[in-house]
Protein chains: 2
Amino acid sequence: MKRTRLEEEECPVARALDAIGDWWSLLIIRDAFDGMTRFGQFQKSLDISRGILATRLKHLVSVGVLATTPVGGFKEYRLTEKGRKLFLVVVSLRQWGEDHCFRKGEKRSALVETGSGRPIRRLELHAHDGDVLAPDATTVRKVAE
Amino acid sequence: MKRTRLEEEECPVARALDAIGDWWSLLIIRDAFDGMTRFGQFQKSLDISRGILATRLKHLVSVGVLATTPVGGFKEYRLTEKGRKLFLVVVSLRQWGEDHCFRKGEKRSALVETGSGRPIRRLELHAHDGDVLAPDATTVRKVAE
DNA sequence: GCAAATGGTTCGATTATCGAACTTAGTTCC
DNA sequence: GGAACTAAGTTCGATAATCGAACCATTTGC
């Protein structure tokens, strides 16, 4: 397959995808947010080949999204701070999936506030002054920093 | 590669990734948000094999993220309403990439409000009552609908 | 200890991607 | 209107990643 590398791209979207944009990574991260930490948990949840799971976990550790701690000889995989910051990516995917990838009446899981059990709000994009922004009200601009 | 299908998954994240979770799709969608509509534009921007670009475009059309309109014999690829709703996914990836995938001093592009040129706000997750929520304050719950 | 489960690696077969060549259709220019 | 050029999309051989099962090591259960 010879995956094209995007590490040197100037676009933050491309760099993010370089780290977590493959087929399985975001599902592993989703499971990690759900509290999974062990190889076998991921493997069973995702029904993924063991070999490729090992590769993916190593990659996610190497880019700093997951970290391992030895627990009784084996490893535990936990989200780092960097990894936890991916929560909004997962949530935005979830909300889009809820809206557009289910037929009426189909069962689905939902994200709720732990304490109250009430659903979380929809994500919104806000301008600097706080107004809600539509996609076509934004532009990508090159900047140096 | 025999990509595993996630169409029947109960999780909205999995279904979303089934539609747009491969290596190139989100980059194509990003470019579409930047105004690209033609095969050659995508091809030059992404430096992607023509064959795989054609496959990806067909897939994105088949899942309803892009739509084609014939223009002078060729096709134009434009985001559908469903596709435009992916904007928050792209933005969340971008913000994460900005925060975690650049070294200090590196050039990067930025997303700004078209009129004022001012940067957009960071995305935040809000509880039902409006409070900002941390990831560990949420739980995935199975629900029927 | 022994059996069963878990963690992880290895390997052959399959499948997707790459990159370039090729085909077809539009565009430009005179 | 014809030649040269560009752009869109397909095809194909080589390569690389995924799959799935087998295999070994370590741990846990009894």
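Bear in mind the structure is a predicted one, so any value in this text is a computation, not a measurement. Below, chains carry the letters A, B, ... as their sequence lines are ordered, and counting in each starts from 1.
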Please give, in whole Å, the distance from C/dA16 C1' to B/Asp22 CG?
11 Å
Under 4.0 Å from OP1 or OP2 of D/dT10: is there any side-chain N or O of B/Lys58 that close?
yes
Counting any heavy atom closer than 4.0 Å, what does A/Lys44 reach on the DNA or RNA strands: base, sugar-phosphate only, or nothing?
nothing
In whole Å, I'd like the distance from the CZ atom of B/Phe39 to the P atom of C/dA25.
16 Å
d(CZ, B/Phe42; P, D/dA7) in whole Å:
15 Å
Round to the nearest Å and state the distance from A/Arg56 atom CZ to C/dT9 atom P.
14 Å
If you look at every strand shown and take non-hydrogen atoms under 4.0 Å, does A/Tyr77 touch a base, only sugar-phosphate, or nothing?
sugar-phosphate
Round to the nearest Å and state the distance from B/Arg38 atom CZ to C/dG26 atom P.
13 Å
Where each residue is assigned the nucleotide of DNA chain D containing its nearest heavy atom, which of A/Val71 and A/Ile52 is assigned the position nearer the 5′ end?
A/Ile52
Would you call A/Trp96 and A/Cys101 a side-chain contact if the rule is heavy atoms closer than 4.5 Å?
yes
Within the pair A/Arg50 and D/dC19, is there a side-chain N or O less than 4.0 Å away from OP1 or OP2?
no
Do B/Arg118 and A/His128 have side-chain atoms, one donor and one acceptor, less than 3.5 Å apart?
yes
Taking CZ from B/Phe74 and P from C/dT27, how many angstroms apart are they, rounded to a whole number?
7 Å
Stacked cation flag B/Arg38 on B/Tyr77, 6.0 angstrom / 45 deg
no
Rounded interatomic separation in angstrom, taking CD1 from B/Ile48 and C1' from C/dA16
12 Å
N/O to N/O distances under 3.5 Å, protein versus nucleotides 2-4 of chain C:
none

Does a side-chain N or O from B/Trp24 land closer than 4.0 Å to OP1 or OP2 of C/dC18, or not?
yes
Separation of atom CD in A/Gln43 from atom C1' in C/dT9, rounded to whole Å
14 Å
